[in-house]
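Below: the structure, in structure tokens.
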Amino acid sequence: MTDLFGNRDEIVPSRKVSGRVIGLFEALDRDFVTSPTDSLELTFDGIVGDFHAGQTRRSGGREPWYPRGTEMRNERHLSILSADELDEIAAGMSLPQLKAEWIGGNMVISGIPSLSMLPPRSLMFFEGGVTLKVDGQNAPCKIAGRSIASHAGTPDETTTALDFVRVSKHSRGIVAWVEKPGIIRAGEKVDIRIPEQWIYRV
């Protein structure tokens, strides 16, 4: 297959990778900051009782094509993070640690290289029977950065927030929605089916 300029498009075949759930978190209060839990109960609305649960949500700064507050499909049921990427972000911000809870993480996974680069439509099959579908990267924001400043006790909230946005670009994790509900428990294996990929050049 060639594009309009005669260049051949590269098509990367589908494949599978596997990792493990090493942390689960939920936000049962009216705030995005999460707390550790041993399991997550998932329905087609997301995590039961969670801050981000629901079939729909209100648009925000990530959707400039809609007036802010427009009701839209909720594709952000879960925020999923990589243990390695959290460590890399912390090092880049000169912090001793960066906890998933501080930035609203619902799940931390180990064993998946460059988890934040998983493409949309990737399917996550959990050992207990749950399936999640990846929507895409979770873009970093200053709200999460300010939460880091508050929890880490950094002296300048604004600088910390801006540092987070800069350092965590393309490594802040992914968001996913529930395709097959059930219960996910800490320690479960997860098999990820990555779809065939290509670059659409027009």
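A side-chain donor from one of E71 and T56 sits under 3.5 Å from a side-chain acceptor of the other. S18 and D191 form a side-chain donor-acceptor contact under 3.5 Å, judged by distance and modelled atom types alone.
R121 CZ: 12 or fewer foreign heavy atoms inside a 6.0 Å radius. Enclosure of atom CG in D38 is not indicated, since only 12 or fewer non-hydrogen atoms of other residues, nucleotides or ligands lie within 6.0 angstrom. More than 12 heavy atoms of other residues, nucleotides or ligands shown are found within 6.0 angstrom of CG on L28.
Remark: K189 does not engage E127 in a salt bridge, criterion side-chain N to carboxylate O under 4.0 Å. Between K133 and E75 there is no salt bridge, since no side-chain N of the basic residue sits under 4.0 Å from a carboxylate O of the acidic one. Looking at K142 and E157, no side-chain N of the basic residue comes within less than 4.0 Å of a carboxylate O on the acidic one, giving no salt bridge.
For the pair H77 (side chain) and D45 (backbone), a donor-acceptor distance under 3.5 Å is present. When atom types are taken as modelled, the side chain of D156 and the backbone of T158 share a donor-acceptor pair closer than 3.5 angstrom.
Taking CZ of F126 as the start and CE of M107 as the end, the distance is 4.0 Å to the nearest 0.5 Å. Considering CD1 of I47 and CD of E41, their distance stands at 10.5 Å, rounded to 0.5 Å.
The hydrophobic clustering, which links ILVMFWY residues whose side-chain heavy atoms are closer than 4.5 Å, places F25 and V178 apart.
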Tell me, with the steps shown, if R58 and M72 meet side-chain contact (heavy atoms from CB on, under 4.5 Å). CA-CA 6 Å; R58 300 290 178 178; M72 57 177 285; over 6 Å; no

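Checking R57, R76, R68 one by one against E63, the salt bridge (charged side-chain N to carboxylate O under 4.0 Å, His left out) holds for a single residue, R57. Here the rule is side-chain hydrogen bond (donor to acceptor under 3.5 Å, both in side chains) with S116, and of H170, E85, Q137 only E85 fits it.
Aromatic ring centres of H151 and W102: separated by under 6.0 Å.
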